[in-house]
Amino acid sequence: MKTYERIYKIVKKIPKGKVATYGQIGQMLNLNPRVVGWALNRLAKYKPNTKGQKQDNIPWQRVINSKGGISTNKLMNIPLGLQQLLLEKEGIVFNENKKINLRKYLFKH
DNA sequence: ATGTTGACGCATG
DNA sequence: CCATGCGCCAACA
């Protein structure tokens, strides 16, 4: 099983209304956080997907950085503000600095 | 086989 | 608070 598949598997377990950080997921799988970011980036980049593996229904928006902020806003792939919008639709509240309260929303496994 | 690329995180100034 | 710097490592080309 590819590493990115193991990452997707964990991401799918994050409940609606909760989030996980790249570092947190990395810790669960004993991977560098960058690899987690790489795997999610892969979703947007290789959308049609190599090998017909199922990579739909992956709630990528529920993964944020360790400061409680959004890391996708400078990417060409993803529309500006999309991730925050998706999270807000799940009931997550952002403060005036575009950060969320990790104490409140962090997914504990 | 080899070089490059990040949706990171932490330390430091 | 902001800005760099760099270690990290799977996948890709």
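Below, chain A is the first sequence line, B the second, and so on; all start at residue 1.
Contact annotation: Ser66(A) side-chain N/O to dG9(B) OP1/OP2 distance is under 4.0 Å. Phosphate proximity of dA11(C) to Thr3(A): present, with a side-chain N or O under 4.0 Å from OP1 or OP2. Residue Thr21(A) has no polar side-chain atom (N or O) positioned under 4.0 Å from OP1 or OP2 of dC8(B).
Ile78(A) has its side chain within reach of Trp60(A): a pair of non-hydrogen atoms, C-beta onward, lies under 4.5 Å apart.
Looking at every heavy atom in both residues, Gly17(A) comes nearest to Tyr105(A) through O-CD2, 3.5 Å.
dA10(C) atom P lies 16 Å from atom CD1 of Ile10(A), rounded to whole Å. With rounding to whole Å, Glu5(A) atom CD is found 13 Å from dA11(C) atom C1'. Taking atom CD1 of residue Ile7(A) and atom P of nucleotide dA7(B), one finds them 13 Å apart after rounding to whole Å. Note: CG (Leu40(A)) to C1' (dC9(C)) measures 15 Å, nearest angstrom. The separation between Ile25(A) atom CD1 and dC8(B) atom P is 12 Å, rounded to whole Å.
Of the inter-residue distances, the one linking Ile58(A) atom CD1 with Glu5(A) atom CD reads 9.5 Å to the nearest 0.5 angstrom. Expressed to the nearest 0.5 Å, how far CG of Asn73(A) lies from CG of Leu75(A) amounts to 8.0 Å.
Counting non-hydrogen atoms of neighbouring residues, nucleotides and ligands closer than 6.0 angstrom, the CD atom of Glu88(A) exceeds 12 such neighbours.
Here the rule is side-chain contact (heavy atoms from CB on, under 4.5 Å) with Val63(A), and of Ile7(A), Ile14(A), Thr21(A) only Ile14(A) fits it.
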Distances for protein N/O vs nucleotides 1-3 of chain B N/O pairs under 3.5 angstrom?
none

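Across all strands, Thr72(A) comes closer than 4.0 Å to base atoms (heavy-atom distances). Within 4.0 Å of Asn65(A), counting heavy atoms only, lie sugar-phosphate atoms of the nucleic acid but no base atom.
Remark: Asn32(A), Arg34(A), Val35(A), Trp38(A) in residues 28-39 of chain A come within less than 4.0 Å of DNA chain C through at least one heavy atom.
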